[in-house]
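First the structure, in the form of structure tokens, and then the observations on it.
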Amino acid sequence: VTTPTVDVHLQPDDLAAALRTDVLDGLTSTPKELPPKYFYDDRGSRLFDEITRLPEYYPTRREREILDRCAGRIMEASGCDTMIELGSGTSEKTRLLLDAGVEAGSLRRFVPFDVSETTLRDAAAEIACEYPALDVHGVVGDFDHHLGLLPGGGRRLVAFLGGTIGNLTPSERKRFLAELVSGFEPGDGLLLGTDLVKDVGRLEAAYDDGAGVTAEFNRNVLLVVNDALGADFDPARFQHVAFFDLDNEWIEMRLRSRSTHVVRVPGCDDLRVAFEAGEEMRTEISAKFRRPGVESELNAVGLELTEWWTDSAGDFALSLSVMR
Ligand code: SAH
Ligand code: TRP
């Protein structure tokens, strides 16, 4: 059995310290807010995996359809020997790219990168077993802070799939892309998955499914805060809200307090947070894109869009861009 290398740039203590600061900031702002990267503890990662199989949640299936059709061309066009995957999760769809890269004989190294250590270790171990020809080198880190720690060398393709870039605000995206390309050499590429603007009914259903899995996923962030900071959030007191903001073209997820109540957060200097009945707290956005917007955000950091693929329904796009 091959054991992959895993670098840990994010110790549980760092995560707890960052969570403490972010929760304190978020819960004392108006309106209140909770930061999204904390969704993915072990339970959150399992719930997300369930979301990807829901009938309403089309992005995973659409992106897989594109990868099924285009993985060979993607790997050939990028010419990479190293593929780095940001927010890799279970790297399930990514196997289509690994298959194509191994078959072409060009891919040597795979670097999955995720904030969720358990998920990353499990995925890296499975992939190291399934792809003995690859050097699998996992990195536990936060792509808001640790992009500078990605391994260098070789011709690199960074894959950022699942539409996760849409979970960043426009200014966060700009900073993220600038930071990413600051480590790029000419010829390095970015394979970016972006969900596209479409019928509002379908968009909203994808983030508010009939079985209530997305609602559970959203409320799970409260349990993460309870675990890490000893808070006494009662998830049953919060209702999941998801709507498409037409001006910003993003899905916004919120938790709405069902009653007036006070939550204690011992790990934040014993903060007490008062919620009004009906008060809403933002937990996540998921931006939806159009080609001209994606292209100009890439161009703004010196990346040239070379390929744009969509699924047959035009729901989701994968773009390949290259550093000149
Ligand atoms: N790429 C997979 C998973 C998408 S879910 C897919 O397409 O299905 C988003 C993933 O990004 C989760 O695995 C989560 O743990 C990770 N993630 C979220 N915020 C992150 C951050 N700041 N740094 C690193 N990984 C992050
Ligand atoms: N990257 C996923 C997306 O934006 C994350 C996601 C899916 C998500 N469903 C969610 C985040 C529900 C929070 C709540 O599509």
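Each ligand, and each atom within it, is numbered from 1 in the order the structure gives. For the numbers below, each heavy atom of this structure counts, side chains included, while hydrogens, waters and symmetry mates do not.
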field: Main-chain N/O of W250 paired to D245 side chain as donor or acceptor, under 3.5 Å
entry: no

Looking only at distance, does [X] have an N or O less than 3.5 Å from an N or O of ligand 2?
X: T214; result: no
X: K288; result: no
X: E284; result: no
X: Y57; result: yes

message: For F233 and H261: C-alpha separation, side-chain torsions, deciding distance, then whether ring pair (Phe, Tyr, Trp, His ring centres under 6.0 Å) applies.
response: CA-CA 10 Å; F233 274 110; H261 71 292; 7.8 Å; no

- prompt: Is it true that T164 lies under 4.0 Å from ligand 2, counting heavy atoms only?
  reply: yes

query: Any chance CD of E33 has more than 12 other-residue heavy atoms, nucleotides or ligands included, within less than 6.0 Å?
result: yes

message: Atom CD of residue position E172 - does it have more than 12 heavy atoms of other residues, nucleotides or ligands inside 6.0 Å?
response: yes

When the side chains of residues 317-324 are checked against the rest of the protein, which donor-acceptor pairs come out under 3.5 Å, sequence neighbours left out?
{"residue": "R324", "atom": "NE", "partner": "E304", "partner atom": "OE1", "Å": "2.5"}

task: Measure from atom 6 (C) of ligand 2 to every heavy atom in F48, Y58, F39 and give the option owning the shortest one.
output: F48

How long is the gap from [atom1] on [X] to [atom2] on [Y], to the nearest 0.5 Å?
X: D209; Y: T214; atom1: CG; atom2: OG1; result: 4.0 Å
X: E63; Y: D195; atom1: CD; atom2: CG; result: 9.5 Å
X: L34; Y: R254; atom1: CG; atom2: CZ; result: 13.5 Å

query: Numbering the atoms of ligand 2 from 1, which are under 4.0 Å from a heavy atom of G162?
result: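 So the atoms of ligand 2 that pass are 1 (N).
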
- prompt: Which heavy atom in P35 sits nearest to a heavy atom in V221, and how many Å separate them?
  reply: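 Looks like O-CG2, 4.4 Å.
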
Starting from [atom], which protein heavy atom do you reach first, and at what distance in Å?
atom: atom 14 (C) of ligand 2; result: M253 SD, 3.2 Å
atom: atom 5 (C) of ligand 2; result: Y40 OH, 3.7 Å
atom: atom 8 (C) of ligand 2; result: F217 CE2, 3.7 Å
atom: atom 4 (O) of ligand 2; result: S286 OG, 2.6 Å

task: For ligand 2, note which part of N167 has a heavy atom under 4.0 Å away: side chain, backbone, both or neither.
output: side chain

- request: Taking the six-membered ring for Trp and the single ring otherwise, decide whether the centroids of Y58 and F316 are under 6.0 Å apart.
  value: no

Geometric class of the F275/F238 ring pair [parallel <30°, tilted 30-60°, perpendicular >60°]: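 Rings of F238 and F275: perpendicular, as their planes differ by over 60°.
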
query: Given side chains that start at C-beta, do those of E249 and F244 come closer than 4.5 Å, heavy atoms only?
result: yes

Contact table, ligand 1 N/O with protein N/O, distance under 3.5 Å:
{"residue": "ligand 1", "atom": "1 (N)", "partner": "G87", "partner atom": "O", "Å": "2.9"}
{"residue": "ligand 1", "atom": "7 (O)", "partner": "K93", "partner atom": "NZ", "Å": "2.7"}
{"residue": "ligand 1", "atom": "13 (O)", "partner": "D114", "partner atom": "OD1", "Å": "3.4"}
{"residue": "ligand 1", "atom": "13 (O)", "partner": "D114", "partner atom": "OD2", "Å": "2.7"}
{"residue": "ligand 1", "atom": "15 (O)", "partner": "D114", "partner atom": "OD1", "Å": "2.6"}
{"residue": "ligand 1", "atom": "22 (N)", "partner": "D142", "partner atom": "OD1", "Å": "2.8"}
{"residue": "ligand 1", "atom": "23 (N)", "partner": "F143", "partner atom": "N", "Å": "2.8"}
{"residue": "ligand 1", "atom": "25 (N)", "partner": "V115", "partner atom": "N", "Å": "3.2"}

